[in-house]
Amino acid sequence: MVEGLIDKAGIPDSMSKFGMVVTSDGWDDTNHRPLLGFCGVTLRGSRFLCAINTEGHAKTSDYLLQETIAMVQKIGASNIKAFITDSASNAKACGKALEAKYPHIIWMPCAVHCIDLLLEDIGKLDWAAEIIEEGKDVVKYFKAHQWTLGELRQISKVKLELLLPGDTRFGTEFLMVSRAVEKRDDLQATVRSDVWTAHMPKPKKVGARQSGASANASTSKAGRQSKPSQKAAQAANVEAAVLQEKSAAQKAADQVKDVHDAVLDEEMWVKMEFLVDVCKPIIMLLRFCDSDALGISKLYYRCSMLQTWIKACNGDKESIAAIDEYRTSMLKAEKGEKYVVSESDLFVPSFEDMEKMLKLQPGTINKQLMGIVRKRWDMLHTPLHAAAYVLDLEYHGQLDEICNNEEVMSGFEEVLKKYASTVAEELELRQEWSAYQHKEGVFCGTNELMWTAARTMPAHKWWYEFARGSKKLRAVALRVLSTCMSSGGLERSWSNFDFIHNDKRNKLTPQRANALVSIFSDMKLMRAKARSASQG
């Protein structure tokens with residue numbers, strides 16, 4: 001029944017026109033069985049395909065390739081345009097081997113996973129790890145005690161909860177620091193409150209005489225140590241227990257004071273704000289990649305802007321001007337042309353000032369961050385990203401500059417060759433590309449409607465509506481620009497799997513759970529399709 005509904009929703013039709021992206025990832029179910037999941041993503045949405053129980057099998061590249069080829073053959077190789085996995089060595093080897101067998105299928109690492117690794121690399125830098133640890137100590141103390149959390153909630157003007165890092169979420173340590181910075185005023189008001197003061201260690205009175213028993217044990221006349229009586233031993237045990245209890249209470253009071261001093265330490269907040277400001281563009285890029293937006297054509301440019309951002313933080317004036325222009329255009333596109341961009345919107349943190357505070361050598365932070373960004377970009381970048389960048393109408397005005405970028409153009413040409421089975425087809429593609437580049441033929445620059453729509457329409461929709469006369473290049477553009485960036489759809493399918501195969505239904509076999517998750521996923525697609533139709 002569900003398959004029939006899927007057909008009515010037009011998913012097979014969308015797959016034949018725009019192609020499907022297959023994503024793959026591993027997971028453990030409630031009974032700790034290792035699963036290998038597959039998800040198919042088209043313009044109609046993300047559809048859970050299956051989860052294979054890999055118990056008893058080593059997840060080598062050969063085994064992954066065997067299961068992936070079986071899935072590709074089941075779907076139909078001609079319908080698949082890309083294959084996305086994480087960037088683990090076995091998954092990458094599987095993807096490259098799949099490319100060799102099916103040249104038109106391009107392997108891509110998950111963009112979210114690569115950017116998360118970028119954040120992890122930053123978090124491992126000594127100075128960044130110290131800042132994160134200071135913030136974590138404060139947040140953990142507040143979250144671990146009911147009286148601190150209750151007082152914070154009563155005082156809070158910002159009705160947001162403190163966050164702790166999670167093992168399975170992306171960029172959570174930086175989100176924790178960011179949320180703590182947002183609640184800085186509330187945290188400082190809390191540690192200044194009477195409730196907090198009541199838990200602070202009390203000053204000790206200094207007397208003229210020292211209390212306590214003599215340190216020397218009683219001895220017999222002959223000089224031998226006498227055996228303590230049973231009552232004396234019991235008294236000593238009670239005294240030791242009291243001292244231990246006092247020690248624990250003192251330790252707790254000292255911890256209250258340490259957190260109090262940390263929260264009121266202005267230098268700690270300056271360092272935390274610096275880390276948040278520096279990583280904000282990376283967090284925004286992470287969220288963009290983890291969304292359902294078809295933004296593969298934006299990814300190349302936005303990743304290149306990360307390097308410009310680092311240069312700007314290092315004081316490069318040209319980079320600061322480029323970042324200001326980029327941010328202004330992004331804000332006006334998001335909030336409207338009438339939005340007045342403020343100074344705080346364009347704030348750029350200074351590496352030089354922070355290096356002085358952290359007592360680092362000049363240029364240390366710039367060198368470290370630039371190296372990390374380049375390393376992860378090399379991991380993420382594929383020819384498909386380059387081709388999408390070239391074919392996005394937003395960057396048509398930059399084509400002269402783009403065409404001089406060897407990395408971009410070599411990637412674009414590699415994609416063109418994958419979609420051209422003969423020399424004649426490749427020649428036709430290049431002729432249509434030349435017409436697009438110079439606004440000739442069907443892309444005539446005098447067609448005002450066409451180029452006005454280019455500023456507002458998603459790139460794949462523009463090619464679908466206005467490039468009908470350019471059949472070969474249009475077919476390539478539709479497939480490339482409708483490609484997703486990450487395996488986020490499969491991550492959400494694992495959430496569905498966890499919802500269905502939970503502790504109360506832990507006797508479900510993998511096959512049964514697999515079928516139920518498939519139905520659940522397909523019905524969600526149907527509801528999304530119905531909502532879209534009702535909204536026109």
Side-chain angles (χ1 to χ4, degrees), residues 15-16 18-26 36-42 49-50 52 54 57-111 113-114 117 296 299-300 375-391 406-427 429-430 472 475-487 489-490:
M15 184 168 62
S16 63
F18 300 98
M20 173 183 278
V21 178
V22 175
T23 64
S24 179
D25 193 18
L36 176 64
F38 290 95
C39 188
V41 185
T42 69
L49 299 174
C50 75
I52 300 167
T54 62
H57 297 278
K59 288 186 179 179
T60 63
S61 58
D62 290 338
Y63 175 73
L64 295 179
L65 180 63
Q66 174 188 325
E67 297 296 342
T68 303
I69 289 175
M71 181 56 60
V72 167
Q73 291 175 345
K74 184 177 179 181
I75 298 168
S78 61
N79 293 320
I80 301 172
K81 58 186 175 182
F83 178 54
I84 297 179
T85 68
D86 61 28
S87 51
S89 58
N90 58 343
K92 181 177 180 179
C94 169
K96 292 297 183 182
L98 189 71
E99 278 188 339
K101 185 173 178 62
Y102 301 102
H104 70 282
I105 298 177
I106 299 175
W107 172 78
M108 296 166 52
C110 174
H113 184 252
C114 291
L117 290 176
I296 188 171
L299 191 57
Y300 197 104
K375 174 186 173 184
R376 294 307 175 185
W377 172 242
D378 289 342
M379 172 187 284
L380 171 60
H381 172 256
T382 69
L384 205 57
H385 294 100
Y389 178 39
V390 170
L391 294 170
E406 185 179 347
E407 181 185 65
V408 174
M409 294 311 297
S410 62
F412 175 58
E413 289 177 2
E414 185 177 335
V415 171
L416 289 185
K417 289 178 181 178
K418 283 180 178 290
Y419 283 96
S421 56
T422 64
V423 174
E425 285 186 0
E426 186 177 348
L427 179 60
L429 271 172
R430 289 184 179 277
K472 293 292 183 182
V476 173
L478 290 178
R479 288 210 159 206
V480 168
L481 295 169
S482 61
T483 302
C484 63
M485 297 175 283
S486 71
S487 56
L490 186 54

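Quick note: numbers below take in every heavy atom, side chains included, and nothing from hydrogens, waters or symmetry partners.
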Nearest-0.5 Å distance, [atom1] of residue [X] to [atom2] of residue [Y]:
| X | Y | atom1 | atom2 | answer |
| --- | --- | --- | --- | --- |
| Lys59 | Leu36 | NZ | CG | 6.0 Å |
| Thr23 | Met485 | OG1 | CE | 13.5 Å |
| Leu98 | Ile80 | CG | CD1 | 7.5 Å |
| Met379 | Cys114 | CE | SG | 5.5 Å |
| Ile52 | Glu67 | CD1 | CD | 4.0 Å |
| Lys417 | Glu413 | NZ | CD | 6.5 Å |

For the residue pair [X] and [Y], what are the closest heavy atoms and their distance?
| X | Y | value |
| --- | --- | --- |
| Gly19 | Thr42 | O-CG2, 4.2 Å |
| Val415 | Pro383 | CG2-O, 3.6 Å |
| Val480 | Ile296 | O-CG2, 3.6 Å |
| Ser87 | Leu117 | OG-CD1, 3.6 Å |
| Cys39 | Leu49 | C-CD1, 3.7 Å |

Could you list the residues that satisfy side chain to side chain donor-acceptor pair (under 3.5 Å) with [X], not counting sequence neighbours?
| X | answer |
| --- | --- |
| Ser78 | none |
| Ser486 | none |
| Trp107 | Thr85 |
| Thr382 | His385 |

Relative to each other, are the rings of Tyr300 and Tyr389 parallel, tilted or perpendicular (30° and 60° limits)?
-> parallel
The criterion is side-chain contact (heavy atoms from CB on, under 4.5 Å); which residues satisfy it with [X], sequence neighbours excluded?
| X | result |
| --- | --- |
| Ala420 | Glu425, Glu426, Leu429 |
| Lys418 | Ile106, Glu414 |
| Thr60 | Ala58, Asp62, Tyr63 |
| Cys484 | Val21, Val41, Ile84 |

With sequence neighbours left out, write down each residue that passes ring pair (Phe, Tyr, Trp, His ring centres under 6.0 Å) with Phe83, or none if nothing qualifies.
-> none
For a side chain to side chain contact (heavy atoms under 4.5 Å, CB included) with Ser487, tell me which candidate from Ser24, Cys110, Pro109 qualifies.
-> Cys110
Contacts of type salt bridge (Lys or Arg N to Asp or Glu O under 4.0 Å), residue Glu407, not counting sequence neighbours |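 With sequence neighbours excluded, Glu407 shows a salt bridge (Lys or Arg N to Asp or Glu O under 4.0 Å) to no residue whatsoever.
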Say whether, by atom type as modelled, one donor and one acceptor occur between the side chain of His104 and the main chain of Ala77 under 3.5 angstrom.
->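 Confirmed, His104 side chain pairs with Ala77 backbone.
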Side-chain donor/acceptor of Lys81 to backbone N/O of Phe18, under 3.5 Å | yes
For side-chain contact (heavy atoms from CB on, under 4.5 Å), just list the numbers for Val22 and Ile105, CA-CA rounded to whole Å, side-chain angles, deciding distance to a tenth of an Å, and then say yes or no.
-> CA-CA 10 Å; Val22 175; Ile105 298 177; over 6 Å; no
Sort and list the pairs that fulfil side-chain hydrogen bond (donor to acceptor under 3.5 Å, both in side chains) and have at least one residue in residues 89-102, not counting sequence neighbours.
-> none
